[in-house]
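Structure, as structure tokens:
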Amino acid sequence: MSDAAALPGQPRAVVASGPATARAVNVLAPNPSAMTLDGTNTWLLSEPDSDLAVVIDPGPLDEAHLRAVVATAERAGKRVALTLLTHGHPDHAEGAGRFAELTGTKVRALDPALRLGDEGLAAGDVIRTGGLELRVVPTPGHTSDSLCFHLPADRAVLTGDTILGRGTTVVAHPDGRLGDYLDSLRRLRSLTVDDGVHTVLPGHGPVLEDAQGAVEYYLAHRAHRLAQVETAVEDGFTTPEAVVARVYADVDRSLWPAAQWSVRAQLEYLQDHGLIPGGPE
């Protein structure tokens, strides 16, 4: 068994429903898979003395899960007043419409197609509900509409799929772009350095106690993968499928289709920067 303190980001040992910080409670969705890890973390946030709560990423369209989120709030004497989305992938957002029906809440997201109500989300927005303060952090890259939410009072950041609690995320090309993703990681690193963020509340996997360590690991991982892809192309592996087979040989083959998204994003990045043939002239 690995020592969690020695792993990137210092993950907690267990992924389970329940309190994660003073203001954040996880309700784990029953949708585990190779891509979703233990399942989607649906986050219920509130000030300890408030009767209002905010939910981030209701998760899949699973009636029992959505009702479990409502019940978790009610047991704590709270009413869900607002629903937010980190991005539009179904494992995070598919249940949002039904959840809005159950709670009577608006749904705010960066993508207008995902919103229920007049208000969206944008960089720099500050959301205040029942005394709780959340700051919207734009983090495109995994998808073009990806957002994180900074929870200053807990020195935490909710990262959706931008940073996972275990392993690394895919850049979902063509919607996701590697250059954007690297900029987003640097933006999150600034939160850890300048704003004292130390806890990552991810969309999948365990809570991370060392936010800066997690971000640094992700940046180093991306640099390493880019170098591997560049070398593979130089060695004659020029298609995404061939590059995946060469570079991701140690990865479960069931994940190779998703790895192709990231490889396509990496090839595009290398071409755009003139590091391999095929980019803009």
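Here, residue 1 is the first one in the sequence, and each next residue gets the next number.
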Strictly distance-based, threshold 3.5 Å: is any side-chain N or O of Y181 a donor or acceptor partner for the main-chain N or O of V170?
no
Can you tell if the side chain of T239 reaches within under 4.5 Å of the side chain of V244, non-hydrogen atoms only?
no
Which residue, L28, V25, L44, forms the side chain to side chain contact (heavy atoms under 4.5 Å, CB included) with S17?
L28
Kindly write out the residues that satisfy salt bridge (charged side-chain N to carboxylate O under 4.0 Å, His left out) with R115, not counting sequence neighbours, or none if the list is empty.
none
How about CG on D194, more than 12 heavy atoms from neighbouring residues, nucleotides or ligands closer than 6.0 Å, or not?
yes
Donor-acceptor check, side chain of D62 to backbone of P30, threshold 3.5 angstrom: yes or no?
no
For T162 and T159, test the side chains for any donor-to-acceptor distance below 3.5 angstrom and give the result as yes or no.
no
Taken in chain and number order and not counting sequence neighbours, the residues that satisfy side chain to side chain donor-acceptor pair (under 3.5 Å) with D235 are R246
P58 vs R98 side-chain heavy atoms within contact, under 4.5 Å:
no
Would you check if the side chain of R187 reaches a backbone N or O of P138 as a donor-acceptor pair within less than 3.5 Å?
yes
Restricting to side chain to side chain donor-acceptor pair (under 3.5 Å), what partner residues turn up for T21, sequence neighbours left out?
D154
Determine, stepwise, if the pair E63 / L102 fulfils side chain to side chain contact (heavy atoms under 4.5 Å, CB included).
CA-CA 10 Å; E63 186 75 9; L102 291 172; 4.2 Å; yes
Is S144 reaching over with its side chain to a backbone N or O of P140, donor-acceptor style, under 3.5 angstrom?
no
Can you pull the ring pair (Phe, Tyr, Trp, His ring centres under 6.0 Å) pairs that have at least one residue in residues 221-270, sequence neighbours excluded?
Y269-H273
Quick one: which of I56, T199, L134 gives a side chain to side chain contact (heavy atoms under 4.5 Å, CB included) with L151?
L134
Hydrophobic cluster membership, with links at side-chain heavy-atom distances under 4.5 Å among I/L/V/M/F/W/Y: are L182 and L147 in one?
no
So, does D195 use its side chain to make a donor-acceptor pair with the main chain of V197 at under 3.5 Å?
no
What's in the same ILVMFWY side-chain cluster as V193, cut-off under 4.5 Å, chained through other members?
none
Checking side chain to side chain contact (heavy atoms under 4.5 Å, CB included) for the pair L255/M35: CA distance, chi angles, key distance, verdict?
CA-CA 8 Å; L255 297 174; M35 290 293 290; 3.9 Å; yes
Strictly by side-chain hydrogen bond (donor to acceptor under 3.5 Å, both in side chains), give each pair with a member in residues 205-215 just once, sequence neighbours left out.
R12-E209
Shared hydrophobic cluster for V137 and L208 (ILVMFWY, side-chain gaps under 4.5 Å)
yes
Between CG of L85 and OG of S146, what distance do you get to the nearest 0.5 Å?
11.0 Å
With heavy-atom distances below 4.5 Å as the criterion, would you say the side chains of V136 and F149 are in contact?
yes
Are V207 and V27 grouped together when hydrophobic residues (ILVMFWY) are joined by side-chain heavy atoms under 4.5 angstrom apart?
no
Quick check: do L270 and L226 have side-chain heavy atoms less than 4.5 Å from each other?
yes
Which residue pairs satisfy the ring pair (Phe, Tyr, Trp, His ring centres under 6.0 Å) criterion with at least one member in residues 69-109, sequence neighbours excluded?
H87-H89, H87-H92, H87-H142, H89-H142, H92-H204
Would a 4.5 Å heavy-atom cut-off, applied to side chains only, mark T169 and I163 as touching?
no
Listed pairs under 3.5 Å, donor-acceptor, residues 121-131 side chains, sequence neighbours left out:
unit_1, atom_1, unit_2, atom_2, d
D125, OD2, A122, N, 2.9

Roughly how far, to the nearest 0.5 Å, is CG of D118 from NZ of K106?
6.5 Å
Check P60 against H65 and note the closest heavy-atom contact, atom names and distance.
CD-CD2, 4.4 Å
Any heavy-atom pair between the side chains of S262 and R222 that's under 4.5 Å?
yes
Filter on salt bridge (charged side-chain N to carboxylate O under 4.0 Å, His left out), then keep only pairs touching residues 247-258, sequence neighbours left out; what's left?
none
When you group the ILVMFWY residues by side-chain heavy-atom contacts below 4.5 Å and let the links chain together, are V54 and L116 in the same group?
no
Indicate every side-chain donor-acceptor pair of residues 68-83 with a distance under 3.5 Å to a residue at least two apart or in another chain.
unit_1, atom_1, unit_2, atom_2, d
T72, OG1, A68, O, 2.8
T72, OG1, R75, NH2, 3.4
K78, NZ, S46, OG, 3.4
K78, NZ, E47, O, 3.1
K78, NZ, S50, O, 2.5
T83, OG1, T105, OG1, 3.0

Could you check whether any side-chain N or O of T36 sits under 3.5 Å from a backbone N or O of N31, counting only pairs where one atom can act as donor and the other as acceptor?
yes
For residues R225 and Q266, determine if any side-chain heavy atom of one lies less than 4.5 Å from a side-chain heavy atom of the other.
yes
Cluster link L188 to L158, ILVMFWY, side chain under 4.5 Å
no
G196 and R155 have their tightest heavy-atom pair at O-NE, 2.9 Å
Can any side-chain N or O of T192 pair as donor or acceptor with the backbone N or O of A211 at less than 3.5 Å?
no
Provide the full list of salt bridge (charged side-chain N to carboxylate O under 4.0 Å, His left out) pairs with a residue in residues 159-177, sequence neighbours left out, each pair given once.
D38-R166, R177-E268, R177-D272
Sorted by chain and number, sequence neighbours left out, side chain to side chain donor-acceptor pair (under 3.5 Å) with S184 holds for none
Point-to-point distance, once rounded to the nearest 0.5 Å, from NE2 of H198 to CD of Q10
11.5 Å
Could you report the tightest heavy-atom contact between G176 and A265, atom names first, then the distance?
O-CB, 4.5 Å
Worked check of side chain to side chain contact (heavy atoms under 4.5 Å, CB included) between V229 and L267:
CA-CA 7 Å; V229 170; L267 291 171; 3.7 Å; yes
To the nearest 0.5 angstrom, please state how far the CG atom of D91 sits from the OG1 atom of T42.
10.0 Å
Minimum side-chain heavy-atom gap N26-W43 below 4.5 Å:
yes
